[in-house]
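Inspection log for the structure reproduced underneath, given as structure tokens.
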Amino acid sequence: MKILVTGGAGFVGSNLVARLDALGGHEIVVLDNEVSGARAAIADCAHTFIAGDITDPIAVERAMEGVEAVVHLAADTRVIPSIEAPRFNFDVNVAGSLVILETMRKLGIKRLVNASTGGAIIGDATPPVHEGMVAAPLSPYGASKLAVEGYCSAYAASYGMNAASLRFSNVYGPRSWHKGSVVALFIKQILKGETLTVYGDGGQTRDYVHARDLADGIVAALGSDVSGPVQLGTGIGTPLDEIIDLLREISGEDIAVDYKPFRAGEIVHNWCDIGHARAAIGYDPKIGLAEGLEETWRWFVDNREKLAL
Ligand SMILES: NC(=O)c1ccc[n+]([C@@H]2O[C@H](COP(=O)([O-])OP(=O)(O)OC[C@H]3O[C@@H](n4cnc5c(N)ncnc54)[C@H](O)[C@@H]3O)[C@@H](O)[C@H]2O)c1
């Protein structure tokens, strides 16, 4: 199958491209403007790279030539900047996704796997979050993802597409050099000998899913005809202090932590129910946190010079 991966040079994208390449049997096209990702991240994987923007219909049409399925990952993923500049976030995430959907409609491409999010869409709810909950985004980023889920649903119903919106939980893993999410940030800070900052008492929980388990979920969704939202995580809420303790053990470093008051609006507990993903696409995350963090730490250590850490 010839597959277009938008945002394929980013964190989730580069792990997916590596997975598809390892599985074999696919022709992979990547469309990415390298605003946060970099084509160097997938230099070890067979693919065709197209430098371009998802808001540009000409670039998108060129990238979709002969393609049978699209995995749409490209987005402005920054939550706080989306609060400061909601229009920019809308233009990339919503208007850009409409270009993807419209070009698919024009070319008759029927299969879309769209990257969405659980936490940012559902808002402050008692976990586990699941697909049946009423959405109440707390940020323009969350609202943009919910809007795109709406367009995916409408295009599926109106034009006979299969459009699954996979709601990722907190993804961690190798190839996350540029990410400010907690595991990547903490590892970079530990390597620089910096003190970690925790907002809150360290008991706040998140659902940390390894990027390779997530990539397997995306591949499973591609091979199915599932439409609509599907929550992908592990189903386990892990306290932040447990992540720090594991990183202490793995790194052998004496890590200092500065605990500050909780930030306004921050959700304290969040993890998801993956029952629908298990039933609908046979999703089955396998990588335990200790193993996954060890691999991620090793990746950063091995690439330390290249990353100038
Ligand atoms: N990482 C997570 O924990 C997480 C959680 C929930 C949802 N998601 C979603 O998963 C997707 C991938 O996230 P990620 O963590 O890999 O982020 P990332 O920033 O590493 O990857 C995004 C990629 O898209 C590219 N891009 C951005 N704007 C573009 C544009 N206008 N045109 C073309 N390319 C563009 C970037 O250069 C980058 O390579 C996003 O849609 C994000 O919202 C991620």
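Quick caveat: nothing in here was measured; it's all calculated off a predicted structure. Counting starts at 1 for both ligands and their atoms, in listed order. Residue numbers run from 1 in the order of the sequence given.
No donor-acceptor contact under 3.5 angstrom links the side chains of Asn93 and Asp76, judged on distance only.
For a threshold of 3.5 Å applied to N or O pairs, the pair formed by Lys179 and ligand 1 contains at least one separation below that value. Taking any N or O of Val35, backbone or side chain, at least one lies under 3.5 Å from an N or O belonging to ligand 1.
Heavy-atom separations between Ala9 and ligand 1 include at least one value shorter than 4.0 Å. Distances from ligand 1 to the non-hydrogen atoms of Thr55 include no value under 4.0 Å.
Atom numbering of ligand 1 starts at 1 in the shown order; those under 4.0 Å from a heavy atom of Gly37 are 36 (C), 37 (O), 38 (C), 39 (O). In the vicinity of Ser116, heavy-atom distances shorter than 4.0 Å reach the ligand 1 atoms 6 (C), 7 (C). Those atoms of ligand 1 that come under 4.0 Å of a heavy atom in Thr77, given as number and element, are 13 (O), 17 (O), 40 (C), 42 (C), 43 (O). Every atom of ligand 1 is numbered from 1 in the order shown, and the set under 4.0 Å from a heavy atom of Ala115 is 10 (O), 11 (C), 41 (O). The atoms of ligand 1 that sit less than 4.0 Å from any heavy atom of Val92 are 31 (N). The distance from ligand 1 to the heavy atoms of His178 drops below 4.0 Å at these ligand atoms: 18 (P), 20 (O). Those atoms of ligand 1 that come under 4.0 Å of a heavy atom in Gly52, given as number and element, are 32 (N), 33 (C). Counting the atoms of ligand 1 from 1 in the order shown, those under 4.0 Å from a heavy atom of Leu73 are 11 (C), 12 (C), 40 (C), 41 (O).
When heavy-atom distances to ligand 1 are checked against a 4.0 Å cut-off, Ser169 comes that close only through its backbone atoms N, CA, C and O. Of the heavy atoms in Tyr172, none comes closer than 4.0 Å to ligand 1.
Using a 4.5 Å cut-off on side-chain heavy atoms (C-beta onward), His276 and Gln231 make no contact.
Applying the under-4.5 Å side-chain rule to Ile, Leu, Val, Met, Phe, Trp and Tyr, the cluster around Leu146 extends to Ile121, Ile122, Val129, Met133.
With hydrogens and angles ignored, the 3.5 Å screen pairs no side-chain donor or acceptor of Asn89 with any backbone N or O of Ala85.
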Mind running side chain to side chain contact (heavy atoms under 4.5 Å, CB included) on Phe262 and Gln204 for me, showing each step along the way? CA-CA 10 Å; Phe262 271 111; Gln204 61 264 53; 4.0 Å; yes

